[in-house]
There are 2 protein chains.
Amino acid sequence: MAAVSDLNAHTGYLLRMVSNAVSQEFAGKVAGDGVTVAEWAMLRSLYGSDGISPSALALKMGMTKGAISKLAERLAKKGLIERTGNPDDKRGHSLSLSSAGARKVPVLARLADNNDAAFFAVLSNQEQGHLRGILQVLIDRHGLSTMPVD
Amino acid sequence: MAAVSDLNAHTGYLLRMVSNAVSQEFAGKVAGDGVTVAEWAMLRSLYGSDGISPSALALKMGMTKGAISKLAERLAKKGLIERTGNPDDKRGHSLSLSSAGARKVPVLARLADNNDAAFFAVLSNQEQGHLRGILQVLIDRHGLSTMPVD
DNA sequence: GCGAATATGTTTCCTAGTCAACTATGATCG
DNA sequence: CGATCATAGTTGACTAGGAAACATATTCGC
């Protein structure tokens with residue numbers, strides 16, 4: 001083996017390549033709807049968790065509260081979500097989908113479904129299952145599922 | 001099935017979670033050596049391709065030339081690489097490791113090896129092989145290996 | 001009940017990358 | 001040869017996110 005092993009040899013590196021490719025492809029598809037991948041993720045997270053607080057959402061989405069703050073700002077400006085103050089705790093806010101946002105989610109969800117299906121279609125059903133299983137093991141063992149997505 | 005399928009259900013989503021986790025862990029480890037993940041990737045790419053042009057490197061690393069330009073700027077400022085003009089074609093430049101940079105690569109390579117091994121150690125050898133195989137299929141079928149890393 | 005610790009969001013500064021405009025140089029073709 | 005076209009690299013405007021400082025607001029301990 002070489003002293004400096006091939007960068008390609010790292011599984012983490014392969015993972016990053018593939019992950020970037022999926023995301024990038026999806027980014028192109030949702031761009032037509034005027035949203036970014038991160039924005040879609042937030043809209044999706046709000047669907048079903050309406051009225052959640054920014055910090056809870058940060059936990060759920062695996063992002064910092066600063067990032068959520070800015071993301072929410074952008075979505076509010078686009079009229080897709082609404083921010084309201086909490087009367088009980090004046091520090092707290094509530095994030096929820098606007099009606100325009102709520103209408104957009106199913107459309108984007110369909111895009112996401114299609115994108116995923118198309119990208120992984122080059123694998124057999126068995127391989128797809130294998131991949132998902134292995135990823136799930138990694139997620140569990142590394143405690144990555146801090147987010148109770150549903 | 002729900003009208004809006006679970007975001008967790010998308011394989012691309014799982015992939016992104018795991019990929020981010022590996023990268024982030026590695027980022028923490030190389031931070032002690034004063035470099036970022038992107039900087040390490042460039043140093044590693046230069047090792048063995050000394051004197052490569054910025055645009056060739058962009059192709060190899062799957063980044064835009066603008067990104068390479070800025071990355072090179074940072075590394076040059078840290079004294080880890082050197083930029084020299086090309087006498088034949090006054091447009092072209094050559095990037096190469098400085099001696100300090102060359103000394104740093106093996107150290108970082110060892111860190112990368114360890115990080116990868118540790119992260120995927122929760123999988124059996126067979127599972128690791130499976131994962132790599134599947135990722136390689138995805139990379140091949142989607143034409144992602146534009147980069148002749150070696 | 002009042003001071004200290006804690007929680008919530010926002011803001012600022014930084015890294016990181018894309019895209020597109022731009023500059024400078026080189027190549028091609030009439 | 002010279003106009004046009006192509007290529008190399010840099011730069012600026014922008015999106016995106018993390019880390020930490022910050023301003024409020026709340027709660028806890030005494």
Taking all heavy atoms of [X] and all of [Y], pick out the closest pair and write down the distance.
X: B:Gly79; Y: B:Ala100; value: O-CB, 3.9 Å
X: A:Val105; Y: A:Trp40; value: O-CZ3, 3.8 Å
X: A:His142; Y: B:Glu25; value: ND1-OE1, 4.5 Å
X: B:Leu131; Y: B:Phe120; value: CD2-CE2, 3.9 Å
X: B:Val30; Y: B:Thr36; value: CG2-C, 4.2 Å

Considering only nitrogen or oxygen atoms on both sides, find all protein atoms under 3.5 Å from nucleotides 21-23 of chain C and state each distance.
none

Boundaries of the DNA chain D segment in contact with chain B, non-hydrogen, under 4.0 Å: D:dA6 to D:dA13
Give me, pair by pair, the N or O atoms of the protein and of nucleotides 26-29 of chain C that are less than 3.5 Å apart, along with how far apart they are.
residue	atom	partner	partner atom	Å
C:dG26	OP1	B:Lys90	N	2.8

Between P on C:dT15 and CD on B:Glu39, what's the gap in Å once rounded to a whole number?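 In whole Å, C:dT15 P lies 9 Å from B:Glu39 CD.
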Look at atom CZ of A:Arg83 and say whether more than 12 heavy atoms of other residues, nucleotides or ligands are closer to it than 6.0 Å.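 For A:Arg83, atom CZ is crowded (more than 12 foreign heavy atoms under 6.0 Å).
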Could you state the interatomic distance from [atom1] ([X]) to [atom2] ([Y]), rounded to the nearest 0.5 Å?
X: B:Asp116; Y: A:Leu14; atom1: CG; atom2: CG; value: 8.5 Å
X: B:Leu80; Y: B:Arg74; atom1: CG; atom2: CZ; value: 12.0 Å
X: A:Leu71; Y: A:Glu39; atom1: CG; atom2: CD; value: 6.0 Å

Is B:Leu111 reachable from B:Val107 through a run of I, L, V, M, F, W or Y residues, each pair having side-chain heavy atoms under 4.5 Å apart? no
Scan residues 66-85 of chain B against DNA chain C and write down, sorted by residue number, each residue with any heavy atom closer than 4.0 Å; if none is found, say none. B:Ala67, B:Lys70, B:Arg74
Within residues 20-30 of chain A, find the residues that approach DNA chain C with a heavy atom at under 4.0 Å, and present them sorted by residue number. none
Just by distance, with hydrogens left out, do A:Ser19 and B:Arg16 show a side-chain donor and acceptor under 3.5 Å apart? no
Does a donor on one side chain sit under 3.5 Å from an acceptor on the other, for B:His10 and A:Asp113? yes
Stretch residues 50-58 of chain B: residues that reach within less than 4.0 Å of DNA chain D through a heavy atom: B:Ser53, B:Pro54, B:Ser55
